[in-house]
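First comes the structure, then the notes that go with it.
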Amino acid sequence: MRHSFFSLIRNALGHHREWPPLWRDPDPKAAYDVIIIGGGGHGLATAYYLAKEQGLGRIAVVEKGWIGGGNSARNTTIVRSNYLWDASAHLYEHSLRIWEGLSRELNFNVMFSQRGVLNLAHSLHDVRDAHRRIRANDLNGIDAEWLDPTKLASYCPLLDISPEARYPILGATLQRRGGTARHDAVVWGFARAADRLGVDILQHCEVTGIPREGGKVTGVETTRGVIKAPKVAIVAAGHAGTLAAMAGFRLPLVSHPLQALVSEPMKPLLDCVVMSNAVHVYVSQSDKGELVIGAGIDPYAGYAQKGSFSIITEQMGALVSLFPRFSRLRMMRSWGGIVDTAPDASPIIGKSPVEGLYLNCGWGTGGFKATPGSGQVFAQTIARDAPHPLVVPFTLDRFTTGALVDEHGAAGVAH
Amino acid sequence: MAKAKEMTPEGNTVEHGGFDPLAADWRDRLSQSGTATIQVDAAPCQAQLTLRGDPADPAFAKAVEAQTGLLPPPVANTLTADEHCRLLWLGPDEWMLLAPPHQGALLLSGLTVAFAALSPATNAMVIDTSETRRALDVWGPDAVQLLERGCALDLHPRAFPIGRCAQGLLAGLPVLIAHLPRRNGANHPCLRIFARTSMVRHLAWWLVDALAEFRRPGK
Amino acid sequence: MEQPFRLKAGGRIDRTRPLRFVFDGKGYSGYAGDTLASALIANGVHLVGRSFKYHRPRGILSAGAEEPNALVQLGLEPRLVPNARATQVDLIHGLEADPVNCWPNVRRDVLAGLGLAAPLMPAGFYYKTFLASRHLWRHVFEPLIRRAAGWGRVPEDPDPDVYTHRHLHRDVVVVGAGPAGLAAALAAARTGARVALIDEGTEPGGSLLGQTRTLDGHPADQWVAEGREELSHLPEVLVLTRTTAAGLYDDGTTVVAEERLTDHLTSHGGHGPRARLWWLTSKTVILATGAHERPIVFPENDRPGIMLASAARTYALRYGALPGKRMVLFTTNSAAYESAIDLQSRGLRVEAIVDARPDPSGPHVDMAEALGIHIHKGCAVTATDGRHHLESVEIMLLSPDLRTVQAPRKLIECDLLCVSGGWSPVAHLYRHAGGQVEWNAEVRGFTPVPGPGLPRVVGSAAGTHALSQALERALTAGAEAAREAGFGDGSASSAPRVTETDALDGMDLWRVSDQPGDGGRAIGRPGHLSFVDLQNDATAADIDQAHREGLTNVEHMKRYTLTGFGTDQGKTSQVNGAVILARAVGEGPEAARLTAQRPPYTPITFGTLAGRRVGGLLDTVRETALQDIHRDLGKNGGAVFEPVGQWLRPRFYPKAGETMDRAVARECRAARQEAGLLDASTLGKIDAQGPDVVEFLERIYATPVASLPIGKVRYGLVCKDDGMLVDDGTLARLEETHFHLTTTTGNAAWTLNWMEEWLQTEWPDLRVRLTSVTEQWAVLALSGPKAREILAPLAPGMDLSVEAFPFMTWRAGAVAGIPARVFRVSFTGELSFEINVPWRYGPALWKALLAKGAPLGLTPHGTETMHVLRAEKGFILVGQETDGSVTPRDLGLGGMLKTKRDFIGKRGMARSDLQRPDRKVLVGLRTDDPAQVLPEGSPIVEAMSSARPLPMLGHVTSSYLSPMVGRVIALALVKGGRERLGQTLQVPLEDGDLAKVTVVEPVFWDPEGKRRDG
Amino acid sequence: MERIPCPHCGPRPLAEFSYGGEVVPRPDPEPADDATWGAYLYVRSNPKGPQSERWVHIHGCRRWFTLTRDTATHRILDTPLRKEEA
Ligand SMILES: Cc1cc2nc3c(=O)[nH]c(=O)nc-3n(C[C@H](O)[C@H](O)[C@H](O)COP(=O)(O)OP(=O)(O)OC[C@H]3O[C@@H](n4cnc5c(N)ncnc54)[C@H](O)[C@@H]3O)c2cc1C
Ligand SMILES: NC(=O)c1ccc[n+]([C@@H]2O[C@H](COP(=O)([O-])OP(=O)(O)OC[C@H]3O[C@@H](n4cnc5c(N)ncnc54)[C@H](O)[C@@H]3O)[C@@H](O)[C@H]2O)c1
Ligand SMILES: Cc1cc2nc3c(=O)[nH]c(=O)nc-3n(C[C@H](O)[C@H](O)[C@H](O)COP(=O)(O)O)c2cc1C
Ligand SMILES: [Zn+2]
């Protein structure tokens, strides 16, 4: 059933009793052409594009919990493409272009909202870096602007731009095409669309082993039995390392807790995304009204989907300093995700040391924005067993050669 | 060639008066911020020497005792003291010697010589760090409460009795806090807080700000 | 009449202290001790807000933290409080409160009609529509949705209040001061342990404050008062009220709590902080957080006048306010009969008890019947009526399987419907610490599953609803917790005798069917909604729909229907929602899973979280000994500062009316032509000594160390093991085994820690001692052709001649009578002395130098001039010419690297990508236009075009107008830059302009280095 | 995880410490090929479960130490022995 205003009316007449499941709940088949491990946004997008663009028939996504319950459920939903290095800029911009038509493509409103993303500069060093990034963005065909404090004040009047501030705001970069999207909708939209193309979405199916024969992957062992496949892809974010271990290799990744929190829902007050690397906080307001607020990662490795309280107090000190009017608002809920941080804050996409086993991980604190693009280029990489041109710089061998794509500056804190 | 260690840690040998981040106006602000139950003041400037060495080497402890009259405190986060000097634990092989300003140079050279005679395995050394920290004193019945506003150490007298010291964070900046029996001869204990010299004014500001909470209206 | 629903007597309010307040623009009165909710009820005000999605009229459901409906906008600018729960707002004189989500007022809300559109707004409707155009979405639909969503308004002005923090260590922390918590705290405190007892309420007592029980023959409040009294005499006990435990961290040993200090005192900001954040670190934690009564899900269960049974009783007994005149109780258990009985005795007429149990019996039933209350057994409320307030309820008989209802319908007129669907233990904090809960059929709630390392749970929170048992177990838990912390022997006194009226009997009724077609008859009118989550307007039908759409995991259902997503975090809806979903799947409550519980327990103010570390106190400000001088210098009120790490460094010293460019030009000229003076005290300084110090430094530095003679200084590079440059500085050899090292300002702490890490973890055998001496030495950099002339008279004992004191050496001696170490290093290319004196003499030295030097043209300069001067010389600045991806070789410093022995970074640099010939390397740029400063960070291209992406060759790292060179200079990292010397490249500028540049050697001033000796 | 046990100072607030990560031995650089070196620089076991890791009491005694922590729960399993308090 296609979604539209008319189908909504039609269903209202039937008391919404006729909506079909967004996706089926099939039993695992004995074998597939490709098995995607990880039912987050990236895994589901990969499955969708495999089915849609690569013409692969039998595809399964196996998810140990509920789809979208990993970082896809936990992120602050910032979407932008204004990365520093060419390789990243091209990859994220590719994704941003897909975002712009995604709701229609999926026939599911992912509530992509191009409300603009600000990155604040608090020191001359920040200004220099901001300028470098803006100018590089321009040559990469990515929209980017510099707002001086005056322009910034009119663009986002809630900000305290007084020069007396402890870390005065010297200006900000703005990507107008950046914004936010509804994280759950992205997962559900891709799941529904993939399901319609025949992809089996297997929830509560945890991969417990990755069997191999002669250095070649043969499928996965799961809590719902062994499933065979000549091609398997690990798209498990924070758990990429544990899955790699099952296949007998290690990755240049460390999993860290990253926390986020929301305020109580408020009437509209903030119509853009604001990020500050220097004081470690970023914020936007969701369509439901809550402020969605992120901060820096917890410093230690961890898989517990929770972090330390001190991070939250620091984050709030920074937020209230930037937005003195927010002081009397209240935190409604806080939570943590497990982010797979790579040494250069860039993802790893491509082949693994095991034949037939592919990797899509290392998105760390900032992979939500890449969800559609990542799925698309990764699908091609899997189907053709050769890296898509956009992912060539992001293959695993960069950690041998040293050709890192160091986005720490542009990736900033976390998003 | 002149040796670096000829440097004196003590101000009187030179003509100019030294700069003190907690000079008059800050001392005034601190004392005026005090309440009936909490007093804050700059601590007197003392010579501060950092001592390093192997506590397992008895010769090291002996050398320290011979020069200072004090044994390195055997227990972590405690201090030993006599009327003149104090020796504070900073780490398993690190201590801070506090001495009257005019004794600093003497102690420095005495310890330097004494340590030179020790086995290289002890890796003993002494260095003048008088300038690196500046201290504040806080005392009064609510002194601990004031610090608890920005310090996660357990400063309750059960856990932090007189004779204890600890390094940690106060107001977000690194400090060393010592619980001393007396303040400048006055007959009450005090908490002496050492902060890095470049940060001590920020700490003083923070304390003044924190004290506002303890002043009753009308006072 | 004032307060028409106020009882003549009774309650814990102070009738001698009447208070005036305003709600929705109308004046009312209440008493000290009231909450806003109880005062509204006393005034007969039940319509307090509008719901989120459908703008339905809503009243007060509860008397506590679980309230989903009664959200108000509190106070006046600038002290607005958005989204306050009226049930937890202490009434104060002059309080102003407004309902939210309605316009122009709560009775005549223009969006009230939205309820009619409910059929078009099922769960997640927005995902299914607005798909036509992304512009329409962004500019029309999304703003509409946003405007309709959200509750309160953010204040217009910055918050005038301050907030504070306090850290405290305890042996035992007890959360919740109801009977269980009080008992546990008493038992623990009697051992002498340090105890904290915290409760979100205004006074200890918890549920005992709204009941009629007796303990040891006395009214419960007497027992509470005695307990409080005893605690107040124990020296190590802290009792905190109006303090909500927000979260339990660190395996359940850190309780984070917010104490509200002034909101209950005045509306215009009290004395002192508004709230305090407590960080309670405890050896053991006891949770005694009670239980929340559960509503029942039935059609139209959301009207004002529908209230939890225990809440109605609390309003009457604790606040002396009657929530209605004629009530009906709808219950699944006997305990709720107490509410009916107590309310009847307070003058309210109980029209009927509708008991879902077919055959209720027991003392409560007998008592109710004795009072002449009619009990409709095996019945359920199936509809309600009343526009802004409940007017009647409709009841029907439940089928034996509870799934359907049967005629006859019966209508009962009433203005209060009390509901009780059982009790849900409050296990929020337990779950924060990783504890699990599971369905407990006996108490019909999800109770904590004990586990190692988890806090103890007592009282209703543990499902122990019988008061005598709760007290007994709490006393034991308190004593045992104290023993674990090292106090007492674990034995506790015996519990007080209780008039036991608890009734555990009850049944499960999760939902009164509103589903035509599932075997039963249609009930209620079409469009009747059965609400599960009152705040987010999530209905049972929404959950059905979520189930049908495949969202059968409770976490999916929550996110799709928004059940439990509101400011109450589902305290009254989570269990109902989870079980309704389980039943849709065909399972019972034991199969239901609750959604994750996360901090905070109730919303916590941002200001409280931030504490005083906001604004200027956000981060430490570091100052050199010269900061006062910098502030005073210059005519415009001192230097212009720039933040560098935590320091504030003078950037330049403008004279009156001078722009930055002119000031910097003046400072540069002085430094090159006469002399300049820079406060370089912020440089990191490390004292390194020990028998193995040379070996250690050889391993750390990429540049050679051992060959450095005593008395000499060398420039050193520090790389990470990946070969990338991270820091630079100088090494001065003081003695055979003693060095003075400098680091960049920004990396000082990092570099020392990095060296210690290698020393302590990798090479513990090396005998080396590292000490930070950053603040031991104030550093003044005196440089310029007249430096020697200025310094000489101040350092009579020091031979400053080139021969006696050559470049890259250091000498000790007195400068201006101050013991000093003088280093002949130069960051400007001019003759230069970096004079180190004990920190405290920095100002004295500064003054002495200026006194001698000013007549000769000595001019203080800031960091900006320093940057220009060093760039003219092609000296790099770590962090400006580098970005973590640049090696020393890329910077043209390869020649300085050690070739023979290993050092940190050597192997890393040998990796293939770091050997690539086309790496970006440091070059100079000469702009065609001599006045065209290139914005730092600008890209460099072969030839500009409109093609995108356009490949970049590199970027400009530094660019300044050089007054001495007489033109703009620039440094840049350019791909294969050395091979491009002489080539013309282009730098696109922001406004579409282009700068043409020629690649040159990166040294613009004195390439032969003749000036450094003066 | 709000508190870390320093072997010298006892349990202290997390903010006083700096995390050093998994313990990784540095290979002999001479024979190491690029893959070995890259693995040493970047590749980690990143276990979900017990991990031997380094911390430094940076705002306390400045000592580095190693402890075992379960990364799945953040619980510290094996704390280095605290030096005798006498
Ligand atoms: C607090 C926070 C804020 C963030 N903010 C932003 C932001 O603003 N912008 C942005 O672009 N990015 C942000 N991110 C990052 C972003 O969330 C992630 O990069 C992105 O969601 C990753 O998607 P994914 O599909 O790869 O991973 P996930 O959504 O985590 O999916 C991986 C899935 O794999 C499953 N899995 C793991 N192990 C197994 C197994 N053995 N068997 C089967 N299944 C398994 C997991 O259960 C999970 O569902 C943030 C992250 C966090 C935590
Ligand atoms: N009929 C029933 O089933 C039922 C239900 C609840 C209570 N009771 C009665 O209460 C007795 C048990 O009393 P109890 O002490 O367990 O519960 P209680 O409800 O009396 O007390 C719990 C207290 O904890 C406080 N609290 C909860 N969460 C908090 C938090 N996060 N921070 C600070 N304070 C918090 C509450 O404000 C309350 O004062 C029972 O024996 C029974 O008599 C009965
Ligand atoms: C962008 C965003 C907005 C959210 N808004 C809310 C909200 O309004 N109410 C709420 O209770 N939780 C909200 N959450 C948090 C989720 O309830 C939940 O905490 C998060 O998905 C992590 O899952 P967990 O807490 O179940 O582990 C939001 C999460 C995200 C990522
Ligand atoms: Zn320590």
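Just so it is clear: chains get the letters A, B, ... in the order the sequence lines come, proteins before strands, and each one is counted from 1. All of these numbers come straight from a predicted model, not from anything done at the bench. Any value given below was found using the heavy atoms of this structure, including those in side chains, with hydrogens, waters and symmetry copies removed.
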**Q.** Region of Asn11(A) that comes under 4.5 Å of a non-hydrogen atom in chain C
**A.** neither

Q.
If I measure from the heavy atoms of chain C, does Arg192(A) come under 4.5 Å with its side chain, its backbone, both, or neither?
A. neither

Q. Checking Thr620(C) against chain A: side chain, backbone, both or neither under 4.5 Å from a heavy atom?
A. backbone

Q | Region of Gln535(C) in contact with chain A, defined by heavy-atom distances below 4.5 Å | A | neither

Q.
I'd like to verify something: which residue of Arg916(C), Arg612(C), Met952(C) has the highest number of heavy-atom pairs under 4.5 Å with chain A?
A. Met952(C)

Q) For Arg598(C), is it the side chain, the backbone, both, or neither that has a heavy atom closer than 4.5 Å to a heavy atom of chain A? A) both

**Q.** Per-residue contact mode, Arg274(C) against chain A (heavy atom under 4.5 angstrom)
**A.** side chain

Q) Between Ser133(C) and His135(C), is there a donor-acceptor pair closer than 3.5 Å when you use the side chain of the first and the backbone of the second? A) yes

**Q.** Part of His556(C) within contact of chain A (heavy atom distance under 4.5 Å)
**A.** both

**Q.** Under 4.5 Å from any heavy atom of chain A - which part of Ser885(C)
**A.** side chain

**Q.** Plane angle bin for His165(C) and Trp279(C) - parallel if under 30°, tilted between 30 and 60°, otherwise perpendicular
**A.** tilted

Q. Under the 3.5 angstrom rule, does the side chain of Asn109(A) hit a backbone N or O of Thr129(C) as a donor-acceptor pair?
A. yes

Q: Check each atom of Pro78(C) against the heavy atoms of chain A and say whether the ones under 4.5 Å are side chain, backbone, both or neither.
A: backbone

Q | Lys128(C) with Glu549(C): basic N within carboxylate O range, under 4.0 Å | A | yes

Q) So which part of Ile201(A) gets closer than 4.5 Å to some heavy atom of chain C, the side chain, the backbone, both or neither? A) neither

Q. So, do His3(A) and Trp188(A) have ring centers that fall under 6.0 Å from each other?
A. no

Q: With a 4.5 angstrom heavy-atom cut-off, could you sort out which part of His16(A) is near chain C: side chain, backbone, both or neither?
A: both

Q: Could you tell me which of Ile145(C), Val256(C), Val81(C) has the largest number of non-hydrogen atom pairs under 4.5 Å with chain A?
A: Val256(C)

Q: Among the options Ser334(A), Pro324(A), Pro268(A), pick out the one with the most heavy-atom pairs lying under 4.5 Å from chain C.
A: Ser334(A)

**Q.** Spatial distance of atom CZ (Phe323(A)) from atom CZ (Phe606(C)) [nearest 0.5 Å]
**A.** 11.0 Å

Q) CG of Asp161(C) to OG1 of Thr608(C): how many Å apart, nearest 0.5 Å? A) 10.0 Å

**Q.** Choice from Gly884(C), Pro643(C), Pro988(C) maximising heavy atom contacts with chain A below 4.5 Å
**A.** Pro988(C)

**Q.** Part of His432(C) within contact of chain A (heavy atom distance under 4.5 Å)
**A.** backbone

Q: Please flag which part of His122(A) lies under 4.5 Å from any non-hydrogen atom of chain C: side chain, backbone, both or neither.
A: backbone

**Q.** Inter-residue atom distance Thr401(A).OG1 - Leu914(C).CG, 0.5 Å rounding
**A.** 8.5 Å

Q) Do Lys288(A) and Phe565(C) come within less than 4.5 Å of each other through their side chains, counting heavy atoms only? A) yes

Q: Please confirm whether the backbone N or O of Leu80(C) pairs with a side-chain atom of Arg328(A), one donor and one acceptor, at under 3.5 Å?
A: yes

Q: For His204(A) and Asn553(C), test the side chains for any donor-to-acceptor distance below 3.5 angstrom and give the result as yes or no.
A: yes

**Q.** Residue part contacting chain C, namely of Ser286(A), when any heavy atom lies under 4.5 Å
**A.** backbone

(Q) Does atom CZ (Arg147(C)) have a neighbourhood of more than 12 heavy atoms from anything else shown, all under 6.0 Å? (A) no

Q | Largest heavy-atom contact set with chain C, pairs under 4.5 Å, which of Asp184(A), Ile134(A), Thr400(A) | A | Asp184(A)

Q | Contact winner vs chain A - Ser945(C), Gly566(C), Pro949(C), heavy-atom pairs under 4.5 Å | A | Pro949(C)

Q. Which atoms of Arg651(C) come close to chain A, meaning under 4.5 Å heavy atom to heavy atom: side chain ones, backbone ones, both, or neither?
A. side chain

(Q) Counting only heavy atoms from other residues, nucleotides and ligands, does the tally under 6.0 Å from CZ of Arg153(C) exceed 12? (A) no

Q.
With a 4.5 angstrom heavy-atom cut-off, is it the side chain or the backbone of Gln305(A) that approaches chain C, or both, or neither?
A. both

Q) Is it true that Glu18(A) and Arg10(A) make a salt bridge, defined as a side-chain N closer than 4.0 Å to a carboxylate O? A) no

(Q) I'd like to verify something: which residue of Arg128(A), Arg104(A), Met316(A) has the highest number of heavy-atom pairs under 4.5 Å with chain C? (A) Arg128(A)

**Q.** Salt-bridge present (Arg115(A), Glu142(C); N to O < 4.0 Å)
**A.** yes

Q | Residue Ala136(A) versus chain C: region with a heavy atom under 4.5 Å | A | both

Q: Flag the one option from Glu290(A), Gln315(A), Gln285(A), Glu314(A) with the top tally of heavy-atom pairs under 4.5 Å to chain C.
A: Gln285(A)

Q.
Please identify, among His547(C), Gln880(C), Glu642(C), the residue contributing the most non-hydrogen atom pairs under 4.5 Å to chain A.
A. Gln880(C)

Q.
Less than 4.5 Å to any heavy atom of chain C: does that hold for the side chain of Glu164(A), its backbone, both, or neither?
A. neither

Q | Contact class of Arg559(C) relative to chain A, heavy atoms under 4.5 angstrom | A | both

Q) Taking all atoms of both residues into account, what is the closest heavy-atom pair of Arg911(C) and Gly402(A), and its distance? A) NH1-CA, 3.3 Å

Q. Is it the backbone or the side chain of Glu93(A) that comes under 4.5 Å from a heavy atom of chain C, or both, or neither?
A. neither

Q. So what's closer than 4.5 Å to chain C heavy atoms on Asp160(A): side chain, backbone, both or neither?
A. neither

Q) Quick one: what part of Thr957(C) sits under 4.5 Å from any heavy atom of chain A, side chain, backbone, both or neither? A) backbone

Q: For Arg948(C) and Asn140(A), work out which heavy atoms get closest and say how close.
A: CD-N, 4.2 Å

Q: Could you tell me which of Ile293(A), Leu13(A), Asn107(A) has the largest number of non-hydrogen atom pairs under 4.5 Å with chain C?
A: Asn107(A)

Q | Proximal component of Ala148(C), with respect to chain A [non-hydrogen, under 4.5 Å] | A | backbone

Q | For chain A, the option from Thr605(C), Val100(C), Asp157(C), Val644(C) that forms the most heavy-atom pairs under 4.5 Å | A | Thr605(C)

(Q) If you compare all heavy atoms of Ala910(C) against all heavy atoms of Gln915(C), which two are closest, and at what distance to 0.1 Å? (A) CA-NE2, 3.2 Å

**Q.** Residue among Gly289(A), Gly65(A), Gly141(A) with most heavy-atom pairs under 4.5 Å to chain C
**A.** Gly141(A)

Q) Is it the backbone or the side chain of Asp86(A) that comes under 4.5 Å from a heavy atom of chain C, or both, or neither? A) side chain

(Q) With a 4.5 Å cut-off on side-chain heavy atoms, are Pro599(C) and Tyr249(C) touching? (A) yes

**Q.** Heavy-atom donor-acceptor pair, Ser4(A) side chain to Phe6(A) backbone, under 3.5 Å
**A.** yes

Q: Describe, in one word, how the ring planes of Phe125(C) and Phe130(C) are oriented to each other, choosing from parallel (under 30°), tilted (30 to 60°) and perpendicular (over 60°).
A: perpendicular

**Q.** Which portion of Val956(C) sits near chain A, non-hydrogen atoms under 4.5 angstrom
**A.** neither

**Q.** Contact origin within Tyr163(C) toward chain A - heavy atom pairs under 4.5 Å
**A.** side chain

